[in-house]
Amino acid sequence: MAQDLRTFLEQIRSGAPEEYEVVDREIDPKFEITALTENLEAARRRPVLELRGVKGTDFTVVTNVFAKRSRLAFALGTDVKGAAAEFDRRGRNPVPPEEVGAGPVKEVVETGDAVDLLRLPQIHHHATDAGPYITGAMAVTRDPETGDLNASFNRLMIKGPRKTGIHLTLAKHHWEFYRKAERRGEALPIALVLGLHPLWALGTLHVGAADEDELSVIGGLLQEPLEVVRGETVDIPVPARAEIVIEGEIPPGVREPEGPFSEFTGYSLGERMREVVEVKAVTRRKDALFHDINVAHADHMVLSTIPMEANLLKAVRAAVPSTRAVRIPAPFTAYLSIEKRIEGQSMNALLAAFGSELYLKRVVVVDHDVDVFNDFRVQWAIGTRCQPHRDLLIIPNARGSDLDPSSEPDGFTSKVGVDATAKPTLAEFAIRNQIPPEVMERVRPEDFLGGSGG
Ligand code: MN
């Protein structure tokens, strides 16, 4: 069965109703949606939010869909700890998209002057944002020379009824395609897809070469072809079961102010001159849901880590085959666990991690008995297995993220590796507290405390 956002929302609604909240009362898209999410997170709740009363628009907003790792793991048919490995496994078997004649995304077709982006929800996420932003769009373009397709997330600042600003990440694939088009004096056609099944979103974030087509990676993750239809005004296939598709082009030689915008780092980043999208058409379902990703909150952070972890797992395993797990717990930070078979492998793991991912600034490697999903345990390992004079690796004068506000200038940074493995090996290190396993097995709280054991 074709999987789309609605089939996924229905699975959550029926399978985990406590994780799905329908809000009928009026809510202001200016900061109130973000405030609701933030206050829910403070109360340790991350439900999908279906907001039917968003002021100034007829569209229902869906947000926070990706805010729990367990929901993404469910979409991958696995559990929280297995998500990165399963993403890697499925991503290795791409399935090309399949063109179908028609799809719900064509129920309404608006072109030319009929297009009005100001009818969409005008969501301001944070106080210093330059304007309303569309944050959940999968942007699809073609390499103007080879025709290869590329998809990625790009933030879109709504600038008028038929214009948005766009942030093309420096030196990445869309940026490269646009540079090629611009050198020929041509515009780069683009399709912006809203209403993404979690596996569409995860596939969009797949880390690969420019000629690796994310739409086929999505098919691999779905284990069935993504059904696509042709754009109305652009030669780009778009998912037939999307909620909304915005079609347009990025004209050559045009730059306008974009930003500031509050980013995943937790900081608002300054205005720069950036490219724009001139919108030619909008196609959508009749009762289209407007899918927002709540920037810099769990919705954004949880989604983006799984594909990065999968890439890291592959790279570190190439250097240290007995790598057990990786996790990205915070911006620019990774935890690795390895089963160290011989001295020195912990340093090789650190070097592989830094070599594979430009963004990493701080990497901690621990032994396989430490659960990288347990922050206390990782800190415990640093506290009890690491000697700073011996076990810290400082790399000066490297490239990092230009979104790191502590780097200067933009993205010029040092990096630190922390070897928190037991030396020389875990087997020869101090013995951990242990309770005889047969006693652990025998002493069940319910037998001692009665009732529920609570
Ligand atoms: Mn790509």
Side-chain angles (χ1 to χ4, degrees), residues 84 88 169-173 175 205-209 263-267 269 301 304-368 370 372-373 375 377-426 429:
D88 181 39
T169 309
L170 220 60
K172 298 286 280 192
H173 304 152
W175 181 88
L205 289 162
H206 179 258
V207 184
E263 267 294 355
F264 75 94
T265 53
Y267 296 93
L269 291 159
M301 307 305 280
S304 55
T305 51
I306 292 173
M308 280 176 69
E309 288 168 1
N311 189 46
L312 195 57
L313 189 62
K314 194 161 49 180
V316 179
R317 274 195 177 146
V320 181
S322 52
T323 299
R324 287 288 190 87
V326 305
R327 180 176 163 234
I328 311 271
F332 315 133
T333 303
Y335 298 159
L336 321 172
S337 77
I338 64 170
E339 187 168 350
K340 194 167 70 174
R341 305 215 187 274
I342 191 165
E343 259 188 289
Q345 281 187 304
S346 41
M347 189 61 77
N348 290 71
L350 291 174
L351 293 171
F354 284 122
S356 74
E357 182 55 75
L358 176 96
Y359 272 41
L360 290 176
K361 187 170 80 173
R362 190 167 61 117
V363 180
V364 179
V365 57
V366 296
D367 293 295
H368 61 281
V370 174
V372 293
F373 290 88
D375 287 314
R377 274 298 162 200
V378 174
Q379 294 301 321
W380 170 85
I382 296 170
T384 62
R385 294 179 178 177
C386 172
Q387 279 294 310
H389 74 281
R390 179 192 66 192
D391 297 328
L392 291 189
L393 166 71
I394 307 266
I395 303 163
N397 307 329
R399 284 313 298 171
S401 169
D402 61 351
L403 299 179
D404 175 0
S406 75
S407 69
E408 52 184 353
D410 289 359
F412 188 57
T413 186
S414 61
K415 306 196 172 201
V416 61
V418 179
D419 180 354
T421 61
K423 281 63 167 204
T425 65
L426 189 57
F429 199 66

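In this text the structure is predicted, and so the values were computed from the model without any measurement.
- Taking OG1 of T169 as the reference point, atom CH2 of W175 lies at 11.0 Å (rounded to 0.5 Å).
- When every heavy atom of A334 is checked against every heavy atom of P329, the shortest pair comes out as CA-CD, 4.0 Å.
- With sequence neighbours left out, the side chain to side chain contact (heavy atoms under 4.5 Å, CB included) criterion links D367 to K340, D369, R385, T421, A422, L426.
- Taking all atoms of both residues into account, the shortest heavy-atom contact from P396 to S414 is CA-CB, 4.0 Å.
- Residue pairs meeting the salt bridge (charged side-chain N to carboxylate O under 4.0 Å, His left out) criterion with at least one member in residues 393-402, sequence neighbours excluded, do not occur.
- In terms of the salt bridge (Lys or Arg N to Asp or Glu O under 4.0 Å) criterion, R390 has no residue partners (sequence neighbours excluded).
- Sparse packing is recorded around CD1 of I342, with 12 or fewer heavy atoms of other residues, nucleotides or ligands lying under 6.0 Å away.
- Distance check, rounded to the nearest 0.5 Å: OG1 of T333 to CD1 of I328 gives 8.0 Å.
- Of all heavy-atom pairs spanning I338 and A349, the tightest one is CG2-CB, 4.2 Å.
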V370 vs W380, side chain to side chain contact (heavy atoms under 4.5 Å, CB included): CA-CA, chis, key distance, verdict: CA-CA 9 Å; V370 174; W380 170 85; 4.1 Å; yes
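- Using a 4.5 Å cut-off on side-chain heavy atoms (C-beta onward), V418 and I382 make contact.
- Checked against side chain to side chain donor-acceptor pair (under 3.5 Å), S337 has no partners two or more places apart in sequence or in another chain.
- Pairs passing the salt bridge (charged side-chain N to carboxylate O under 4.0 Å, His left out) check and including a residue from residues 320-337, sequence neighbours excluded, read R324-E339, R327-D375.
- Using a 4.5 Å heavy-atom cutoff, the side chains of I395 and V416 are not in contact.
- Counting heavy atoms from C-beta outward, Y335 and V326 have side chains that stay 4.5 Å or more apart.
- A distance of 6.0 Å separates CG of L312 from CG of L336, quoted to the nearest 0.5 Å.
- Using a 4.5 Å cut-off on side-chain heavy atoms (C-beta onward), K423 and D391 make contact.
- Taken from OG in S401 to CG in L360, the straight-line distance is 10.5 Å, to the nearest 0.5 Å.
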Take V372 and V366 through the side chain to side chain contact (heavy atoms under 4.5 Å, CB included) test and state the conclusion after the steps. CA-CA 8 Å; V372 293; V366 296; 4.0 Å; yes
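- In terms of the side chain to side chain contact (heavy atoms under 4.5 Å, CB included) criterion, residue partners of T425 (sequence neighbours excluded) are, by chain and number, A427, E428.
- The nearest pair of heavy atoms linking S322 to R341 is CB-NH2, 3.7 Å.
- At most 12 heavy atoms of other shown residues, nucleotides or ligands fall within 6.0 angstrom of atom CZ in R362.
- Of all the heavy atoms in T265 and L403, the pair that sits closest is CG2-O, 3.3 Å.
- Using a 30° and 60° split on the angle between ring planes, F264 and F332 fall in the perpendicular class, above 60°.
- For the pair E343 and P424, the minimum side-chain heavy-atom distance is below 4.5 Å.
- Considering CD of E309 and CD of E357, their distance stands at 11.0 Å, rounded to 0.5 Å.
- Taking NZ of K361 as the start and OG1 of T413 as the end, the distance is 5.0 Å to the nearest 0.5 Å.
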